[in-house]
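Just the heavy atoms: all of them, side chains too, but no hydrogens, waters or symmetry mates, feed the values below. Owing to the predicted nature of the structure, the values given are computational and were not obtained by experimental measurement.
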Amino acid sequence: MKTSRIFLFRSATPVILILSLLSAYTLKAQNPTDTITEQTKNQIFNRLKNFKFGFYIDSYYNFTLGNRDDVSNIIPFSSNCPVQNQIRLNHAAIEIYYTAEKVRGKLAIQFGDAPNLLASPDAQFIKNLRQANFGFRINKKIWADFGYFLNPIGYESSWAVINQLSTVTTGGYFEPGNLLGCKLSLDFNDRFNGGVMFGNPYSLANDKNTHMAGVIFMNYNPVPALSLSYNFLFGNQALIDADIDNTIYYNNFIISYNPVKPLTFTGQLDFAAQTHSHLPPDTNKTATMFSGFVQANYKFLNHFAITARYEFFNDPDGFSSGIYYIDGKERGLLTNGFATGFEYKPVEFGYIRIEYRYLAANKDNFVFYDGTSDLFQAFTLTTGIRF
């Protein structure tokens with residue numbers, strides 16, 4: 001018995017020595033790139049420091065008034081909070097930003113009621129994409145970017161968290177949509193910046209075309225309390241197979257004044273003209289559209305704010321809003337109204353809002369409550385976080 005044990009030990013000794021040598025060789029010969037060294041960690045962290053990640057979640061409830069005969073559940077001309085009398089999800093979004101000395105990128109993916117509402121059937125592939133673009137620094141003051149961009153036209157956003165009032169005006173609903181193409185941005189100095197954009201416009205509220213459009217944008221801060229913005233879009237809005245061009249010239253003016261720290265006044269005026277878009281009998285004439293709003297926002301006690309807004313929208317030839325029949329006559333949409341809201345921010349990145357909105361269309365222009373009324377009223381509760 002002892003002899004066999006000695007034999008087994010002697011027989012196993014070469015094998016153990018060989019395995020030990022192989023293990024030592026493997027550890028010694030291992031490629032440094034197969035392990036996470038301090039240098040690799042530093043490279044990873046150095047790259048991650050240029051990234052910023054964000055999340056946005058917003059829910060809402062609309063309590064509409066006077067909708068007894070309404071069998072639909074979608075509120076007309078809504079950029080967000082579109083469904084009435086239900087607790088719903090407005091947005092659930094993920095944001096990724098990359099900013100370095102000579103390159104940058106933005107990606108925002110969104111889900112919820114608002115993206116579904118604003119996506120036309122032939123643009124479903126892009127409804128969940130809020131923006132996706134990248135750019136390079138040309139020199140100290142110039143950037144060139146490429147991809148899918150937010151349109152600079154308009155003070156309001158379909159993302160309620162960016163607004164002082166969650167709901168968007170009728171004029172904001174009909175403003176031009178995002179643009180797929182390229183952008184050149186210039187920072188002239190600390191007070192003045194601007195740029196140009198060219199590409200395919202995606203007006204998701206109405207449709208899209210495959211003609212190119214251009215945008216010029218400028219922002220000026222003559223004093224810290226005052227900011228002025230001008231945005232101009234031009235291009236052919238007709239579908240690609242149309243026989244007649246519908247060239248639009250869309251002007252957007254925004255002014256924001258902050259006389260004292262808690263108080264901000266905001267005003268916006270949109271004026272658009274589009275060729276070959278007039279109502280009969282002379283459809284070759286140029287049609288026009290006006291819209292805008294004035295708004296005051298007052299913050300107090302660090303966590304609270306109140307906001308009031310008056311809005312109007314007038315598209316007499318209906319080239320933007322479509323045609324309605326009033327007393328047997330054709331006309332585009334005409335609305336005006338007001339909204340008031342109260343906001344509580346329990347934390348810096350979260351909010352709870354309650355607002356009341358009143359909107360009136362042209363007399364006997366039954367565009368609300370499933371075509372039964374020319375008046376619309378609702379209380380809207382929204383709450384969300386963005387960090």
Side-chain angles (χ1 to χ4, degrees), residues 48-62 74-75 78-84 86-99 104-119 123-135 145 147-169 172-173 175-180 202 204-205 254 256 264 266 295 297 299 302-305 307 309 339 341-355 357 380-387:
L48 284 177
K49 74 178 182 180
N50 294 322
F51 281 95
K52 290 184 179 180
F53 302 91
F55 301 92
Y56 170 44
I57 302 172
D58 176 87
S59 60
Y60 71 96
Y61 179 83
N62 275 315
I74 299 297
I75 298 172
S78 297
S79 297
N80 56 32
C81 308
V83 179
Q84 59 183 348
Q86 297 180 35
I87 299 175
R88 305 281 298 194
L89 183 68
N90 227 351
H91 283 97
I94 299 173
E95 303 173 80
I96 303 173
Y97 300 96
Y98 180 83
T99 305
R104 64 186 181 185
K106 298 178 181 179
L107 175 64
I109 301 172
Q110 59 183 0
F111 304 89
D113 282 348
N116 288 333
L117 177 78
L118 295 178
Q124 291 294 316
F125 74 98
I126 212 165
K127 69 178 181 180
N128 298 122
L129 195 61
R130 176 172 169 82
Q131 62 175 323
N133 52 76
F134 65 93
D145 297 276
Y148 187 58
F149 299 98
L150 297 175
N151 197 316
I153 290 176
Y155 177 81
E156 302 169 296
S157 170
S158 62
W159 280 23
V161 66
I162 299 176
N163 306 329
Q164 284 78 48
L165 289 169
S166 294
T167 57
V168 177
T169 62
Y173 173 79
E175 285 173 345
N178 288 3
L179 189 129
L180 182 63
Y202 282 79
L204 300 183
I254 303 170
S256 183
T264 303
T266 306
Q295 178 175 290
N297 173 261
K299 299 176 181 178
N302 296 326
H303 298 284
F304 302 93
T307 305
R309 177 184 72 200
F342 175 80
E343 179 185 67
Y344 168 57
K345 300 190 72 171
V347 291
E348 183 63 30
F349 56 84
Y351 64 92
I352 301 171
R353 293 185 192 141
I354 178 70
E355 64 185 73
R357 189 182 185 198
T380 303
L381 174 67
T382 53
T383 179
I385 58 172
R386 186 190 186 198
F387 55 86

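- Classification of E95 and R386 as a salt-bridged pair holds, one side-chain N sitting under 4.0 Å from a carboxylate O.
- With a 4.5 Å cut-off on side-chain heavy atoms, L129 and L107 count as touching.
- For the atom pair N297 CG and L165 CG, the distance stands at 8.0 Å (nearest 0.5 Å).
- For D58 (side chain) and T382 (main-chain N/O), no donor-acceptor pair under 3.5 Å exists by modelled atom type.
- Closest of all the heavy-atom pairs between A160 and Y351 is CB-OH, 3.8 Å.
- Atoms CD and OG, from E175 and S79 in turn, are 8.5 Å apart once rounded to the nearest 0.5 Å.
- The two residues P115 and G112 make their nearest non-hydrogen contact at CD-O, 3.3 Å.
- A donor-acceptor distance shorter than 3.5 angstrom exists from the side chain of N178 to the backbone of R130, with no hydrogens or angles considered.
- Without hydrogens or angle criteria, H303 side chain to K345 main chain gives a donor-acceptor distance under 3.5 Å.
- In this pair, F387 and F349 present their aromatic rings perpendicular. The plane angle is above 60°, beyond the 30 to 60° band.
- Looking at N128, its side chain never comes within 3.5 Å of a backbone N or O of I109 through a donor-acceptor pair.
- N80 places no side-chain N or O within 3.5 Å of a backbone atom of W159 that could act as its donor or acceptor partner.
- The CD atom of Q84 sits 8.5 Å away from atom CD1 of I74, with the distance rounded to the nearest 0.5 Å.
- For the atom pair CD1 (I153) and CD1 (I254), the distance works out to 9.0 Å, reported to the nearest 0.5 Å.
- In this structure, Y155 contributes its side chain and S256 its backbone to no donor-acceptor pair below 3.5 Å.
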query = Please walk me through it: do Y60 and D113 pass side chain to side chain donor-acceptor pair (under 3.5 Å)?
reply = CA-CA 10 Å; Y60 71 96; D113 282 348; 2.6 Å; yes
- Task: Please test K52 against T99 for side chain to side chain contact (heavy atoms under 4.5 Å, CB included), starting from the C-alpha separation and ending with a verdict.
- Result: CA-CA 8 Å; K52 290 184 179 180; T99 305; over 6 Å; no
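- Expressed to the nearest 0.5 Å, how far CD1 of I94 lies from CD1 of I57 amounts to 9.0 Å.
- Nearest heavy-atom pair, V161 versus R353, reported as atom, atom and distance to 0.1 Å: O-NH2, 3.7 Å.
- Contact record, S78 with P82: CB-CA, 3.9 Å, taken as the closest heavy-atom pair.
- The CG atom of D145 sits 10.0 Å away from atom CD of Q131, with the distance rounded to the nearest 0.5 Å.
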Report task. For side chain to side chain donor-acceptor pair (under 3.5 Å), just list the numbers for T307 and E343, CA-CA rounded to whole Å, side-chain angles, deciding distance to a tenth of an Å, and then say yes or no. Result -> CA-CA 8 Å; T307 305; E343 179 185 67; over 6 Å; no
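- Ion pair E355/R309 not flagged as a salt bridge, since none of the NZ, NE, NH1 or NH2 atoms sits closer than 4.0 Å to an Asp/Glu carboxylate oxygen.
- Side chain of N90 to backbone of S59: no donor-acceptor contact under 3.5 angstrom is found.
- A 4.5 Å side-chain heavy-atom check between Y148 and N133 finds every atom pair outside the cut-off.
- Judged by distance alone, the side chains of N62 and T380 do bring a donor and an acceptor atom under 3.5 Å apart.
- Counted within 6.0 Å of CD on Q86, heavy atoms from surrounding residues, nucleotides or ligands total more than 12; the atom is thus considered enclosed.
- A pairwise comparison of heavy atoms in S158 and H91 identifies O-CE1, 3.2 Å as the closest pair.
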